[in-house]
Number of protein chains: 2
Amino acid sequence: MEATELLKKHNLRKTATRTEVLKEYLSAGKALSHAELESKLGEHFDRVTLYRTLNSFEEKGLLHKVYDETGTVRFSLCSDHCDVSSHEDDHVHFHCTKCGNSYCLDLPIPEMNLPKDLMINDVYMVANGICKTCQRA
Amino acid sequence: MEATELLKKHNLRKTATRTEVLKEYLSAGKALSHAELESKLGEHFDRVTLYRTLNSFEEKGLLHKVYDETGTVRFSLCSDHCDVSSHEDDHVHFHCTKCGNSYCLDLPIPEMNLPKDLMINDVYMVANGICKTCQRA
DNA sequence: CATATAATGAAACTTTGTTGCATTTACTTT
DNA sequence: AAAGTAAATGCAACAAAGTTTCATTATATG
Ligand SMILES: [Mn+2]
Ligand SMILES: [Mn+2]
Ligand SMILES: [Zn+2]
Ligand SMILES: [Zn+2]
C-alpha cells in the first residue's frame with residue numbers, strides 16, 4: 001500500500017513529514033530509529049515533530065516498536081491487520097550485532113508453557129546474530 | 001553465594017560500591033535498573049561509579065541485561081555458569097506492564113527454525129503481562 | 001609496606017526524549 | 001470557494017540517561 005492511502009486508512013492527516021517518514025519505512029526493509037530517520041531525511045524536518053510522528057504511527061497501528069540488547073528503540077512497518085485498537089505483530093525479530101540493523105522475520109513466536117499465575121498479553125522475541133551481509137564482510 | 005565470594009570468583013576487586021550493589025541484586029529477586037539502584041542505595045554512591053559497576057558486572061558475567069518494551073534497561077543476576085568468556089542466560093523473562101518490574105523465569109527459550117542464512121548467537125525473549133501482585137490490586 | 005594497577009568522584013558534555021505554547025495547516029462544514 | 005475547528009508543526013526550554021576525561025584514592029600483590 002502507498003503512503004497517502006495508509007495515512008487515510010489510519011485516520012491520520014496527510015502532512016509532508018508523515019508522508020516522507022512513511023515512504024522511508026515502506027522502502028527501508030528494516031527497522032528504523034529516530035536517529036536513523038533524522039539522518040536519512042536531512043535537516044528538513046523538526047526533531048520533535050519526528051518523535052511525535054513516530055508516536056502517532058505506533059498508536060494508530062502503522063508502526064510497531066523493535067528493541068534490542070543495546071537499548072536502541074526502532075520502529076518497523078506493521079502488517080495490514082494492525083490498527084488503533086490492536087497490534088498483531090507477533091513475529092520473531094532479528095538483530096545483527098555487527099551492523100546493528102534489526103529486521104522483522106516472517107516467523108511466528110513459538111508456543112510455550114508460562115506460569116499460570118501470570119497473565120500474559122504478548123510475547124516479544126529477538127534472535128541476535130550476524131546478518132548475511134555482515135557474514136561476507 | 002555471597003557478595004565477597006562472587007567478586008573474587010569473577011576477578012573483581014572488592015569495593016564498597018560493588019559489595020552494596022551486589023547485595024541489592026542478591027536480595028532483590030527481580031531485575032534492577034540504574035535508576036532503581038540509585039534510589040535504593042541513596043546518595044552514598046556516585047552515579048557514574050554505579051554505571052561503571054553495572055558494566056563491569058555484566059562484562060564479568062555477574063549480571064545480564066533485561067530489557068523491555070519501554071526501553072528501560074535493567075540487570076539481573078546471572079547463573080553460576082556465567083563468566084567473562086560466556087553468558088548462558090538462555091531463559092524467558094517476564095515484564096509486568098502495570099508495575100514495570102521484570103523477572104527471570106526458570107523456563108528455557110523454545111526451539112524454532114530460523115532462516116539458515118542468519119548466524120544466530122543467542123535469543124532474547126520477554127513475555128509481557130500482569131504479575132500476580134498487580135492482578136490482586 | 002611499597003608499588004602497580006584499578007576504581008572512584010566530580011565536572012563537563014552528549015544523546016535521547018518530553019513539555020508548553022504560539023503559529024500554521026488540513027480537513028470539514030456551510 | 002470561504003470560513004471555522006481541530007490537529008500538527010516549530011521552537012525553546014527542560015529533563016533524563018549515559019559517556020568521557022582526569023586527578024585522586026583505594027585494592028591487591030609481592
Ligand atoms: Mn516486527
Ligand atoms: Mn534473566
Ligand atoms: Zn549486519
Ligand atoms: Zn506487576
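Proteins come first, then strands; the chains are lettered A, B, ... in the order of their sequence lines, and each starts at number 1. Since the structure is predicted, the reported quantities are computational estimates derived from the model, not experimental observations.
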Using a 3.5 Å cut-off and no angle test, enumerate the donor-acceptor pairs between side-chain atoms of residues 55-67 of chain A and protein atoms at least two apart in sequence or in another chain.
from, atom 1, to, atom 2, distance (Å)
A/N55, ND2, A/Y51, O, 3.4
A/S56, OG, A/R52, O, 2.7
A/H64, ND1, A/S76, O, 3.2
A/H64, ND1, A/D89, OD1, 3.3
A/H64, NE2, A/H91, NE2, 3.4
A/H64, NE2, A/H93, NE2, 3.3
A/Y67, OH, B/E69, N, 3.4

Give every residue pair that meets the salt bridge (charged side-chain N to carboxylate O under 4.0 Å, His left out) criterion with at least one member in residues 20-30 of chain A, sequence neighbours excluded. A/E20-A/K23, A/E24-A/K40
A/L50 CG to C/dT16 C1', straight-line distance once rounded to whole Å: 13 Å
List every contact pair, protein side and nucleotides 27-30 of chain C side both N or O, where the distance is under 3.5 Å.
from, atom 1, to, atom 2, distance (Å)
C/dC27, OP1, A/K14, N, 2.7

If only side-chain N and O atoms count, and only distance matters, is there a donor-acceptor pair under 3.5 Å linking B/T15 with B/T17? no
Letter per nucleotide, 5' to 3', of nucleotides 17-23 of chain C [B base touched, S only sugar-phosphate touched, - untouched; heavy atoms, 4.0 Å]: BBBB---
Whether B/H34 side chain and B/R47 backbone form a donor-acceptor pair below 3.5 Å: yes
Check: B/Q135 side chain, B/I130 main-chain N or O, donor-acceptor pair, under 3.5 Å: yes
Heavy-atom closest contact (B/G71 atom, A/V73 atom, distance): CA-CG2, 4.3 Å
In this structure, NE2 of A/H95 is separated from OH of B/Y124 (nearest 0.5 Å) by 13.5 Å
So, are B/K9 and B/D83 salt-bridged, with charged N and O less than 4.0 Å apart? no
Is any side-chain heavy atom of A/P110 closer than 4.5 Å to a side-chain heavy atom of A/M125? yes
Taking the side chain from B/T97 and the backbone from B/G129, do they hold a donor-acceptor pair closer than 3.5 Å? yes
N or O in side chain of B/T17 less than 4.0 angstrom from C/dA7 OP1/OP2: no
Looking at B/N113, I want to see if its CG is surrounded by more than 12 non-hydrogen atoms of other residues, nucleotides or ligands under 6.0 Å. no
Are A/L105 and B/P115 close enough that some pair of their side-chain heavy atoms sits under 4.5 Å apart? yes
B/N121 atom CG, over 12 foreign heavy atoms within 6.0 Å: yes
In whole Å, what is the span from the CZ atom of B/F45 to the P atom of C/dA10? 13 Å
For the helix from C/dC1-D/dG30 to C/dT30-D/dA1, figure out the bend between the end axes, five pairs an end, and round to 10 degrees. 40°
Tell me, please, the opening and closing nucleotides of DNA chain D, 5' to 3', among those with an atom under 4.0 angstrom from a non-hydrogen atom of chain B. D/dA17 to D/dA28
